[in-house]
Each structure stands twice: as structure tokens, then as C-alpha cells.
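What follows is one structure encoded as C-alpha cells, with my remarks underneath.
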Amino acid sequence: MSTQDSTKIIAMLQMRLHALNDLHLTLKHVHWNVVGPHFIAVHEMIDPQVEQVRSMTDDLAERLSTLGGEPNGTPGSLVDKRTWNDYSIGRAEAIEHLGALDLVYTAVIKDHREVMQATETLDPVTQDMLIEQLRGLELFQWFVRAHLESSGGTLSTHGATSESSAAGQAADQARRQP
């Protein structure tokens, strides 16, 4: 692999490292701040997600090092380099957090897919790692969406463009259900 290709991949992986570090902290935040009748189900569903996402960050950091990079996992670097806002939902009903998390997962998966596609010819080893991570991320989004989806396949958060609107739409739909 050329130095130029390696440098490009390192930069992409560093941003994925920031995204997954942010995701595991967001998931833990949800774990601590979920309330309501579905508290225990969501509380217990989130911890395995936290653990697997944390493992993904370790894999990314080790790949960065393997390619000659210096993984930066400090909070200051994450905040400085990220292109997204902090998770915006505090203490809230389980369905509200799940509505917001669906948008979080959508964004993380979209960006992960872009890097996976960009590494196809540059570095198939990195691409393979990202494919495996996508498998886990998409599974977790399915777990979240199962709470938001009607039997007809419509998401209660359809069309939401912010975490707060997704949370509100999910809560509204849950209140309308018998």
C-alpha cells in the first residue's frame, strides 16, 4: 500500500473511531437515562450494544496503528473533529430514546458504509473489518427499529430530521396505540 493510500485510510478510520467512541458514550447515556414502562427491556438491550461498539473502537484503533497511524481517542479530539452534534435527549421514556437512537444509528451506518466502499480497492483488509462492524451496527438498529415499526412496516419516526422530532414522533405513536 502506498503512503498516500495509507494516509487517506488512516484519516477515514480516525473519524470512524470518533464516531464509534461517541456512539458507545451515547448508548451508555441512554442506558442511564431511560425511564418508563419499557425501562428494563431497553436498559438491558443497550449494554450489549455498548460492549460490542467498544470492541469495534479497539479494532479500529489497532488497524490505525497497523497502518502507521496514531489513534486519538481523547474526548477533546472527538469533540474538536466531529461533524455531528451531541445526543440531544436526556431523561426520557424508552420509546423516545429509541426514536432518537434510530437516527443516530442511521448516520453512523451511512458514514461507515461510505468508508467501507472507499476502502474496497485501497485496503480490502480494512474493508473486511468495516463490513463486520456494519453487520453489528445494522443488527442493533434492527433491535431499535423493532420497537418503532408497525406490523405494516412503517416506522413511527418516518421523516424525522432531528433526534427530538424522532423522539416526539415515536412517543406520539406509542400514545395512540391501544
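Residues: numbered from 1 along the sequence shown.
For Asp59, there are no side-chain hydrogen bond (donor to acceptor under 3.5 Å, both in side chains) partners, not counting sequence neighbours. For His24, the side-chain hydrogen bond (donor to acceptor under 3.5 Å, both in side chains) test picks out no residue, with sequence neighbours left out. Judged as a salt bridge (charged side-chain N to carboxylate O under 4.0 Å, His left out), and not counting sequence neighbours, the contacts of Lys28 are Asp47. Contacts of His31 classified as ring-ring contact (aromatic ring centres under 6.0 Å, His included), with partners at least two apart in sequence or in another chain: His43. With sequence neighbours excluded, the residues that form a ring-ring contact (aromatic ring centres under 6.0 Å, His included) with Tyr87 are His29, His97. With sequence neighbours excluded, no residue forms a salt bridge (charged side-chain N to carboxylate O under 4.0 Å, His left out) with Glu149. Scanning for side-chain hydrogen bond (donor to acceptor under 3.5 Å, both in side chains) contacts around Trp142 gives an empty result, with sequence neighbours left out. Applying the side-chain hydrogen bond (donor to acceptor under 3.5 Å, both in side chains) criterion to Thr126, with sequence neighbours excluded, gives Arg63, Asp123. Listed by chain and residue number, nothing satisfies the ring-ring contact (aromatic ring centres under 6.0 Å, His included) test with Phe143 (two or more places apart in sequence, or in another chain).
For the atom pair CG of Leu20 and CG of Leu137, the computed distance is 6.0 Å after rounding to the nearest 0.5 Å. For the atom pair His112 NE2 and Glu114 CD, the distance stands at 12.0 Å (nearest 0.5 Å). Note that CG of Leu148 is 5.0 Å distant from CD1 of Ile95, once rounded to the nearest 0.5 Å. Interatomic distance, Tyr105 OH to Leu139 CG, rounded to the nearest 0.5 Å: 9.0 Å. Rounding to the nearest 0.5 Å places CE of Met56 at 10.5 Å from CE of Met129. To the nearest 0.5 Å, atom CG of residue Leu101 and atom CD1 of residue Ile89 are 9.5 Å apart.
By the criterion of side-chain heavy atoms lying less than 4.5 angstrom apart, applied directly or through intervening Ile, Leu, Val, Met, Phe, Trp or Tyr residues, Leu23 is grouped together with Ile131 in one hydrophobic cluster.
A donor-acceptor distance shorter than 3.5 angstrom exists from the side chain of Glu96 to the backbone of Glu93, with no hydrogens or angles considered. Proximity of a side-chain donor or acceptor of Thr119 to a complementary backbone N or O of Val115 within less than 3.5 Å is detected. In terms of modelled atom types and a separation under 3.5 Å, the side chain of Ser162 and the main chain of Ser165 share a donor-acceptor contact. Counting only distance, with no hydrogens or angles, the side chain of Thr66 and the backbone of Glu62 share a donor-acceptor pair below 3.5 Å. Without hydrogens or angle criteria, Ser77 side chain to Thr74 main chain gives no donor-acceptor distance under 3.5 Å. A side-chain donor-acceptor contact under 3.5 Å links Arg16 to the backbone of Val108. In this structure, Thr26 contributes its side chain and Asp22 its backbone to a donor-acceptor pair below 3.5 Å.
Judged by distance alone, the side chains of Gln141 and Thr106 do bring a donor and an acceptor atom under 3.5 Å apart. Looking only at atom types and distance, the side chain of Gln169 has no donor-acceptor partner in the side chain of Ser156 under 3.5 Å away. Side chain to side chain, Ser6 and Thr3 fail the donor-acceptor criterion of an N or O pair below 3.5 Å.
Between Ala166 and Leu103, the closest heavy-atom pair is CB-CD1, 3.6 Å. For the pair Pro71 and Leu17, the tightest heavy-atom approach, listed with the atom from each and the gap, is CB-CD2, 4.0 Å. Between Pro124 and Leu122, the shortest heavy-atom contact is CD-C, 4.1 Å. Nearest heavy atom pair, residue Ala94 against residue Val42, reads CB-CG2, 3.6 Å.
Taking the side chain as every heavy atom from C-beta outward, Phe140 and Met45 never approach each other to under 4.5 Å.
Each salt bridge (Lys or Arg N to Asp or Glu O under 4.0 Å) pair with one or both residues in residues 136-148, not counting sequence neighbours, appears once here: Asp102-Arg145, Arg113-Glu138. The salt bridge (Lys or Arg N to Asp or Glu O under 4.0 Å) analysis of residues 4-13, with sequence neighbours excluded, yields no pairs.
Residue Met15 belongs to a hydrophobic cluster whose other members are Trp84, with links defined by side-chain heavy atoms closer than 4.5 Å.
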